[in-house]
Amino acid sequence: MFTEKKVIGILGGGQLGKMVLDVSNKWGLDVFVLDPDKNCPSSKLCKKFFKGNLMDYETVIEFGKYADIITIEIENVNVEALRYLESQGKKVFPQARVIEIIQDKSIQKKFYQNNQIPSSSYKVFNGSDEVKKGISLGELSFPFIWKASKLGYDGYGVKRITDNKSLEEINNCHCIIEEIVEIKKEVSVMVGSRESGERVVYPPVEMEFNKESNQVEYILSPAQIDNDIKIEAEELALRVSEKFNIIGIIAVEMFLTDEDHLLVNEVAPRPHNSYHFSIEGSYTSQFEQFIRSIMDLPLGSTKILENSVMVNLVGNKNSNGEVVYKNFDQIIGIEGVNPHIYGKFETRPNRKMGHITVINKDIDRAKKIAKEIRDTIIITSKK
Ligand code: ADP
């Protein structure tokens with residue numbers, strides 16, 4: 001039942017939280033936010049802001065006491081505290097159990113294996129010495145993908161290792177080694193689920209990565225894939241969501257291999273960069289679906305309103321400090337251009353500072369405009 005009396009508490013106050021708040025404010029809901037930075041994107045929009053460390057047990061419990069429903073916009077939070085809040089009868093969505101699996105790539109991969117979810121083959125190692133030993137013993141051979149088990153994001157904890165020289169670049173931490181997948185396309189599929197059992201799936205999107213930074217650069221909606229692969233991707237995403245038994249939304253990132261097989265790479269149990277386009281491009285945005293799902297409200301239509309291409313606006317390579325957005329005016333007059341600026345005070349190389357969704361009947365035209373935006377807008381620092 002809809003009630004604006006329930007307080008939602010979000011752990012994390014970045015841009016994802018900010019875009020959730022755009023919806024919760026539209027609906028007149030009270031949302032509290034916990035973040036270590038009092039100038040984070042969400043702090044000005046929430047009903048109450050709490051400054052604190054998301055990994056600290058006591059801080060998370062204290063914050064949770066004020067909320068009826070507790071959720072996240074980042075996975076690096078104290079799971080033990082969430083477990084305690086669950087035991088006290090609080091609604092924690094996604095559940096602590098789900099967040100715990102996702103925090104560790106080695107546990108996540110094991111989960112896929114145990115649940116017959118197709119994913120690339122992998123091995124687990126305790127540190128770089130073990131990896132090197134594996135190579136000398138012939139258990140491993142170049143090339144492969146190295147991933148830190150914990151705390152990697154936006155490709156920072158991921159490296160393609162081709163020889164002994166690149167092997168020297170890996171950190172000495174618990175890690176997984178994956179076989180290299182020959183990727184034709186990377187797709188993402190969002191699924192929403194609520195406590196009453198309803199589950200909805202969005203049409204797949206296609207992700208294009210920046211080769212240098214390994215970050216998502218463009219998202220195409222819908223993904224330019226054959227209909228049978230689209231259906232297969234949707235079914236696979238639904239199966240992943242069911243196996244996790246998650247309440248909330250989950251973005252399932254997949255590889256479409258050269259042989260047209262789908263392999264799950266990883267999931268995000270929250271709003272995700274790949275579905276930002278849904279604010280303008282879908283009947284129901286991922287942020288509204290997120291609120292509907294954690295409040296156990298009827299889920300919204302996932303249908304596409306218009307073809308769209310989203311481009312991330314990231315900080316220039318060589319700039320650090322107070323942000324300036326250059327050439328913004330040259331671009332935003334074009335039809336179908338929808339800018340989002342996250343309100344971060346400082347820019348850093350590759351920091352996500354905003355995004356633009358271009359909607360257009362013709363997806364090729366949308367892509368052209370998105371490229372033009374990428375080449376024109378410069379996000380730099382004052383000095
Ligand atoms: P993160 O959690 O930092 O986003 P991912 O696991 O998504 O890291 O990996 C980042 C990117 O690295 C992927 O989008 C893909 O382009 C590439 N990648 C990851 N795993 C593999 C693999 N097994 N084979 C080939 N490329 C991979």
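Excluded from the calculations below are hydrogen atoms, water molecules and symmetry mates; all remaining heavy atoms, backbone and side chain alike, are included. Ligands are counted one by one from 1 in listed order, and the atoms in each one are counted from 1 as well.
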Undergrad: Do you know which of Lys344, Lys352, His340, His276 makes side chain to side chain donor-acceptor pair (under 3.5 Å) with Gln15?
TA: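 Only match with Gln15 under side chain to side chain donor-acceptor pair (under 3.5 Å): Lys344.
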
Undergrad: Of all the atoms in ligand 1, which lie at a distance below 4.0 Å from a heavy atom belonging to Ile183?
TA: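 The list of qualifying atoms is 25 (C), 26 (N).
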
Undergrad: Looking at ligand 1, is there an atom of it that comes within less than 4.0 Å of some heavy atom belonging to Tyr122?
TA: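 No, Tyr122 has no heavy atoms under 4.0 Å from ligand 1.
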
Undergrad: Rounded to the nearest 0.5 Å, what's the gap from CD on Glu73 to NE2 on His272? Could you check?
TA: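 Atom-to-atom, Glu73:CD and His272:NE2 are 12.5 Å apart.
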
Undergrad: Taking only heavy atoms of Lys147, which atoms of ligand 1 are found under 4.0 Å from at least one of them?
TA: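 Checking each atom against Lys147, I get 6 (O), 19 (C), 20 (N).
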
Undergrad: At less than 4.0 angstrom from any non-hydrogen atom of Ile180, what atoms of ligand 1 do you find?
TA: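 The atoms of ligand 1 under 4.0 Å from a heavy atom of Ile180 are 24 (N).
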
Undergrad: Which of the atoms of ligand 1 are close to Val181, meaning less than 4.0 Å from one of its heavy atoms?
TA: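 In order of number, 22 (C), 23 (N), 24 (N), 25 (C).
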
Undergrad: Quick test of your reading of the structure: of Lys105, Glu208, Lys159, whose heavy atom lies closest to atom 2 (O) of ligand 1?
TA: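 Going through Lys105, Glu208, Lys159 one by one, Lys105 has the nearest heavy atom to atom 2 (O) of ligand 1.
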
Undergrad: Strictly under 4.0 Å, does any heavy atom of Met207 approach an atom of ligand 1?
TA: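 Contact absent.
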
Undergrad: Would you mind finding which of Ile102, Leu151, Asn273, Val158 brings a heavy atom closest to atom 12 (O) of ligand 1?
TA: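 Nearest heavy atom to atom 12 (O) of ligand 1 lies in Val158.
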
Undergrad: Could you note down all residue pairs passing ring-ring contact (aromatic ring centres under 6.0 Å, His included) where residues 77-135 supplies at least one of them, sequence neighbours left out?
TA: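 Only Phe111-Phe244 qualify under ring-ring contact (aromatic ring centres under 6.0 Å, His included).
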
Undergrad: Is there a nitrogen or oxygen of Gly157 sitting under 3.5 Å from a nitrogen or oxygen of ligand 1?
TA: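 No, there is no polar N/O contact under 3.5 Å.
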
Undergrad: Under 6.0 Å between the ring centres of Phe277 and His355?
TA: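 Distance test on ring centres: not under 6.0 Å, no.
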
Undergrad: Cation-pi check for Phe49 against Lys38: NZ or CZ below 6.0 Å from the six-membered ring centre and within 45 degrees of the axis, yes or no?
TA: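 Judged by the rule (NZ or CZ under 6.0 Å from the ring centre, within 45° of its axis), Lys38 is not positioned above Phe49.
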
Undergrad: Using a 4.0 Å cut-off to any heavy atom of Glu179, which atoms of ligand 1 qualify?
TA: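 It comes down to these atoms of ligand 1: 22 (C), 23 (N), 24 (N).
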
Undergrad: Measuring from atom 16 (O) of ligand 1, which candidate in Arg160, Gln108, Glu186 has the nearest non-hydrogen atom?
TA: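 Comparing heavy atoms across Arg160, Gln108, Glu186, the nearest one to atom 16 (O) of ligand 1 lies in Glu186.
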
Undergrad: Could Asp260 and Lys184 be called an ion pair, given the rule that one side-chain N must be under 4.0 Å from one carboxylate O?
TA: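 Yes, Asp260 and Lys184 are salt-bridged.
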
Undergrad: With a 4.0 Å cut-off on heavy atoms, is Glu182 in contact with ligand 1?
TA: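 No; Glu182 lies far enough from ligand 1 that no heavy-atom distance drops under 4.0 Å.
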
Undergrad: Can you confirm whether or not the ring centre of Phe50 sits under 6.0 Å from the ring centre of Tyr66?
TA: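 Yes; Tyr66 has its ring centre under 6.0 Å from that of Phe50.
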
Undergrad: Would you call Lys367 and Glu372 a salt bridge, using N to O less than 4.0 angstrom?
TA: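 Salt bridge flag = no for Glu372 with Lys367.
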
Undergrad: Any idea which part of Ile145 is under 4.0 Å from ligand 1, heavy-atom wise: side chain, backbone, both or neither?
TA: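 Looking at Ile145 and ligand 1, just side chain atoms fall under 4.0 Å.
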
Undergrad: Below 4.0 angstrom from a heavy atom of Phe209, which ligand 1 atoms are there? Numbered from 1 as shown, please.
TA: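 With Phe209 as reference, the close atoms of ligand 1 come out as 14 (O).
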
Undergrad: For a side chain to side chain donor-acceptor pair (under 3.5 Å) with Tyr202, tell me which candidate from Gln286, Glu234, Gln289 qualifies.
TA: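 The passing option is Gln289.
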
